[in-house]
Number of protein chains: 2
Amino acid sequence: MVEPGSGASALRDELHQRGLRMTPQRQLVLDAVRDLGHATPEQICTRVQRSAPAVNITTVYRTLDLLERIGVVRHTHLGHGAPSYSADDHQHVHLVCHDCGTVAEVPTELMGGLAEQLRAAEGFQLDVTHVALSGRCRDCTETEASR
Amino acid sequence: MVEPGSGASALRDELHQRGLRMTPQRQLVLDAVRDLGHATPEQICTRVQRSAPAVNITTVYRTLDLLERIGVVRHTHLGHGAPSYSADDHQHVHLVCHDCGTVAEVPTELMGGLAEQLRAAEGFQLDVTHVALSGRCRDCTETEASR
DNA sequence: GTCGTTGCAAAACGTTTGCACACCG
DNA sequence: CGGTGTGCAAACGTTTTGCAACGAC
């Protein structure tokens, strides 16, 4: 478990620089995101409510938005359903199996070649972490093949 | 505009082979998907209702599901909001700009190298069309740079 | 004290479900 | 005529909004 409140003054400074305020809720949401690795707003809310039951899910949504704008968290779309939030430094590419739903994580370096191609061919700056790649995982491929 | 009802008997055969029935709604939804290139269920419904106002959005959802199961349409998640449906033969990779929202289409061949790497390294069979890649388009990159 | 932030309730959005009726084969 | 497919209404899960009260600075 990540040390609760670690970087509290860093967050405070980051907020104050932009005329925003430090609140317990903001610290709790950030702690929850770091703790959970990657999680949906709903899961983050549940976690926050373990220590502060009154915190509303609306606040979680608004806080995640804000934390994303100031660059301390990011979110990834894993396909269907709710997006998954994680700390900004927790970067990798997600592989979602559309048969069993498993989510694997691979190093962002794997996308380097593609990113370079897209930049050269289309002038498009790829954000490698925002996408979840979809396909069929090894297990499901083998199961399918043996049928 | 795609010729309305083109491949009507092909669809009929495909359905009958599986014990399913041909209906005007199914033809209209397929025509709409082909016409629109790629569109959300909502947009497809509006298009269908131009010629058949009584068709319900529920039917559009159910029909898109069915057409996808029999392999004549596919859907792509462009990030936020509703998925985008297109004809199965209309395949390419989507690039979504997270600044201006523009969706560009690039040939699937660009993903060949990545698909190969993922197969070799992870045993993961990439479905190149199901994902939309996210990033910043050329226009937004240039605008950003000149600020 | 100011004004950014929160909680609550309600609305918005995209999608699914239950059910009676319609219509394809 | 049997059973699949449809329309309608209502429920659902997720996210956003309006607004009065709260609390950081």
**Report entry** Set of ring pair (Phe, Tyr, Trp, His ring centres under 6.0 Å) partners for A:H77, sequence neighbours left out
**Finding:** A:H75, A:H130, B:H80
**Report entry** Contacts of type ring pair (Phe, Tyr, Trp, His ring centres under 6.0 Å), residue A:H16, not counting sequence neighbours
**Finding:** none
Query raised in the report: For the residue pair B:H38 and B:H92, does the interplanar ring angle fall in the parallel (under 30°), tilted (30 to 60°) or perpendicular (over 60°) class?
Result: perpendicular
Query raised in the report: So, is A:N56 close to the C:dT6 phosphate, meaning a side-chain N or O under 4.0 Å from OP1 or OP2?
Result: no
Find the distance between [atom1] ([X]) and [atom2] ([Y]) and round it off to the nearest 0.5 Å.
{"X": "B:Q25", "Y": "B:T59", "atom1": "CD", "atom2": "OG1", "answer": "6.0 Å"}
{"X": "B:S134", "Y": "A:L126", "atom1": "OG", "atom2": "CG", "answer": "8.0 Å"}
{"X": "B:I44", "Y": "B:T63", "atom1": "CD1", "atom2": "OG1", "answer": "10.0 Å"}

Report all interatomic pairs (protein N or O, nucleotide N or O of nucleotides 3-5 of chain D) with separations under 3.5 Å.
from, atom 1, to, atom 2, distance (Å)
D:dG3, N2, B:R21, NH1, 2.4
D:dG3, N3, B:R21, NH1, 3.3
D:dT4, O4', B:R21, NH1, 3.3
D:dT4, O2, B:R21, NH1, 3.2
D:dG5, OP1, B:R21, N, 3.0
D:dG5, OP1, B:R26, NH1, 2.7
D:dG5, OP1, B:R26, NH2, 3.3
D:dG5, O5', B:R26, NH2, 3.2

Report task. Note down the inter-axis angle between the two ends of the helix from C:dG1-D:dC25 to C:dG25-D:dC1, five pairs each, to the nearest 10°. Result -> 30°
Query - Contacting residues from residues 67-76 of chain A, given that a heavy atom lies under 4.0 angstrom of DNA chain C - result: none
Query raised in the report: Near DNA chain C, under 4.0 Å by heavy atom, which residues of residues 93-100 of chain B?
Result: none
Query raised in the report: Going by heavy atoms in the side chains, are A:L110 and A:V128 under 4.5 Å from each other?
Result: no
Report task. Find out whether B:L28 and B:S51 are in side-chain contact, i.e. whether some heavy atom of one side chain is under 4.5 Å from a heavy atom of the other. Result -> yes
Report summary line: Residues A:F124 and B:V96: closest non-hydrogen pair is CZ-O, 3.5 Å
**Report entry** Length of the line joining B:R18:CZ and C:dC24:C1', which is rounded to integer Å
**Finding:** 19 Å
Query raised in the report: CG of A:L28 versus P of C:dT5: gap in Å, rounded?
Result: 16 Å
With sequence neighbours left out, write down each residue that passes salt bridge (charged side-chain N to carboxylate O under 4.0 Å, His left out) with [X], or none if nothing qualifies.
{"X": "B:E14", "value": "B:R18"}
{"X": "B:E122", "value": "none"}
{"X": "B:R119", "value": "B:E116"}
{"X": "B:R74", "value": "B:D88"}

Report task. List for me each residue that meets side chain to side chain contact (heavy atoms under 4.5 Å, CB included) alongside B:I57, sequence neighbours excluded, and say none if there are none. Result -> B:E42, B:C45, B:Y61
What's touching nucleotides 15-20 of chain C from the protein side, N or O pairs under 3.5 Å?
from, atom 1, to, atom 2, distance (Å)
C:dT15, OP2, B:Y61, OH, 2.5
C:dT15, O5', B:Y61, OH, 3.4

Query - Transitive ILVMFWY side-chain link B:V72 to B:V48, under 4.5 Å - result: yes
